[in-house]
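Note: hydrogens, waters and symmetry copies are ignored here, and every other heavy atom, side chains too, is used.
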Amino acid sequence: MSYVYFLVQLVCMAGIIFAGDFVPDGLVGFALITAAAALMVWALLYMRLGNLHVLPELKHKSVFVTSGPYRVIRHPMYAASMLAMIGFLIDQPSLLRGALLVILVIDLYLKMLYEERQLIQRFSSYRDYMKNTKRFIPFVF
């Protein structure tokens, strides 16, 4: 199932990006994409490379990260992906981009649930972490 989640994510993101101009014209779209890129870099700096995996499968030597952006939200890379795609949609709205964004959000949510089940099984402190951090939007959701 993890390959399906990744494939849907890849197709949706590519579809959103290439369904219009690759470089945003508007300030709001550009700002959202830039903020998403900054969040992604921040998350990557704290996520140990040994943990990094495009599939929602935990690696054998995965470690539990709760610093940096992970201190505030559990899935900053998924949040950054959604934020960037919202930026592309706002910059050049279209029905196709909107539909792909809805599919992407559903896919990332399901992917996140799949990943969290594994994290709960692997790390005994993950349930406490879940109580103190939101999934995608700090202090909200």
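- Residues Phe64 and Ser125 come closest through the heavy atom pair CE2-OG, 3.2 Å.
- The heavy-atom pair separating Arg97 from Leu89 by the smallest distance is CB-CD1, 3.5 Å.
- Side-chain atoms of Val8 and Ile103, non-hydrogen and from C-beta on, do get closer than 4.5 Å to each other.
- For the pair Gln9 (side chain) and Val54 (backbone), a donor-acceptor distance under 3.5 Å is absent.
- Using a 4.5 Å heavy-atom threshold, the side chains of Glu116 and His75 count as touching.
- One finds the CG atom of Asp91 at 13.0 Å from the CD1 atom of Ile16 (value rounded to the nearest 0.5 Å).
- A pairwise comparison of heavy atoms in Ile90 and Gly29 identifies CG2-N, 4.4 Å as the closest pair.
- Between the CG atom of Leu7 and the SG atom of Cys12 there is a distance of 9.5 Å, given to the nearest 0.5 Å.
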Task: Criterion side-chain hydrogen bond (donor to acceptor under 3.5 Å, both in side chains) on Glu115 and Tyr78, from CA distance to verdict - done: CA-CA 12 Å; Glu115 185 176 312; Tyr78 295 167; 2.6 Å; yes
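- The closest side-chain heavy-atom distance from Arg71 to Thr133 is not below 4.5 Å.
- The closest donor-acceptor contact from the side chain of Lys134 to the backbone of Val72 lies at 3.5 Å or more, if one exists at all.
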Task: Steps toward side chain to side chain contact (heavy atoms under 4.5 Å, CB included) verdict (Leu52, Leu44) - done: CA-CA 8 Å; Leu52 192 60; Leu44 287 170; 3.8 Å; yes
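- At least one side-chain heavy atom of Met85 sits less than 4.5 Å from a side-chain heavy atom of Ile17.
- The structure places CD of Gln92 at 12.5 Å from CZ of Phe22, a figure rounded to the nearest 0.5 Å.
- Taking Ala84 as the reference, Ala36 meet the side-chain contact (heavy atoms from CB on, under 4.5 Å) condition, with sequence neighbours excluded.
- Separating the CG atom in Leu45 from the CE atom in Met40 is a distance of 12.0 Å, to the nearest 0.5 Å.
- Phe136 and Leu108 get closest at one heavy-atom pair: CZ-O, 4.4 Å.
- To the nearest 0.5 Å, the span separating CG on Leu55 from OH on Tyr114 amounts to 8.5 Å.
- Looking at every heavy atom in both residues, Pro24 comes nearest to Ile33 through CG-CD1, 3.7 Å.
- Under the 4.5 Å side-chain criterion, counting only non-hydrogen atoms from C-beta, Tyr70 is in contact with Met77.
- By the side-chain contact (heavy atoms from CB on, under 4.5 Å) test, Ile120 is found to be paired with Tyr126, Arg127, Met130, residues two or more places apart in sequence or in another chain being considered.
- Rounding to the nearest 0.5 Å places CE of Met13 at 11.5 Å from CG of Leu100.
- Across every non-hydrogen atom of Phe123 and Ser62, the tightest pair is CZ-O, 3.6 Å.
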